[in-house]
Amino acid sequence: MAHPIVHWEIAGPDREALRTFYESLFGWKSETVDDNYALVRPGEGMDGGIMRTGTGAPPYVTVYVRVEDLNQKLERVRELGADVRVPATTIGESTQFALFTDPAGNLIGLLSTTR
């Protein structure tokens, strides 16, 4: 697959409540990254995250698709009439992500690594 789904996130106003719920429901293990984010390692399948949304932001579930050139793909998103919600943002030493909404309003992430 040229652009596989490589990460997922579940977000809401109370990260700890979500974390406790999903750990109890599925037996997932997670580790705190910071006050807003916990990395989830379900044991099988891809890793994900549980995060706290900002004040007034709605809860969401999203997937992240791997792309080679994040800026090029964001330009294509705009050309197709979709809205970029979070521009290219660097996380860690070699990873960038961005978020956009598709024509139906679904929040989709793009992830690019330079390893």
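Hydrophobic clustering of Ile, Leu, Val, Met, Phe, Trp and Tyr side chains at less than 4.5 Å, counting indirect connections, keeps Val61 apart from Leu111. The cluster map of Ile, Leu, Val, Met, Phe, Trp and Tyr, joined by side-chain heavy atoms under 4.5 Å apart, puts Met51 and Tyr64 in the same cluster. Using a 4.5 Å cut-off between side-chain heavy atoms of Ile, Leu, Val, Met, Phe, Trp and Tyr, with links allowed through other members, Met46 and Phe26 fall into the same hydrophobic cluster. Cluster annotation: Val86 is not connected to Val77 through the hydrophobic network of ILVMFWY side chains, with a link wherever side-chain heavy atoms come within less than 4.5 Å. Hydrophobic clustering, with ILVMFWY side chains joined whenever heavy atoms are under 4.5 angstrom apart, keeps Phe21 apart from Leu39.
Pairs of residues two or more places apart, or lying in two chains, that qualify as side-chain hydrogen bond (donor to acceptor under 3.5 Å, both in side chains) and include a residue from residues 35-57 are His7-Tyr37, Glu9-Tyr37, Glu31-Arg41, Asn36-Arg52, Arg41-Asp47. Sorted by first then second residue, the salt bridge (Lys or Arg N to Asp or Glu O under 4.0 Å) pairs that include residues 82-94, not counting sequence neighbours, number zero. Residues in residues 10-27 take part in these salt bridge (Lys or Arg N to Asp or Glu O under 4.0 Å) pairs, two or more places apart or across chains: Glu16-Arg19, Arg19-Glu23.
Between the CG atom in Leu99 and the OH atom in Tyr60 there is a gap of 6.0 Å [rounded to 0.5 Å]. The distance from atom OG1 of Thr62 to atom CD1 of Ile5, rounded to the nearest 0.5 Å, is 9.5 Å.
Legend: residues meeting side chain to side chain contact (heavy atoms under 4.5 Å, CB included) with Leu70, ordered by chain and number and at least two apart, are Val67, Leu74, Ala88, Gln96, Ala98, Leu110, Ser112. Checked against salt bridge (Lys or Arg N to Asp or Glu O under 4.0 Å), Glu68 has no partners two or more places apart in sequence or in another chain. Shown here are the ring pair (Phe, Tyr, Trp, His ring centres under 6.0 Å) partners of Phe97, two or more places apart in sequence or in another chain: there are none.
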Report the C-alpha separation of Leu80 and Arg76 in whole Å, then their side-chain angles, then the decisive distance to 0.1 Å, and conclude whether the side-chain contact (heavy atoms from CB on, under 4.5 Å) test is met.
CA-CA 6 Å; Leu80 292 170; Arg76 185 69 178 135; 3.6 Å; yes

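In this structure a side-chain-to-backbone donor-acceptor pair under 3.5 Å is missing from Thr20 to Leu18.
At least one side-chain heavy atom of Ile50 sits under 4.5 Å from a side-chain heavy atom of Tyr22.
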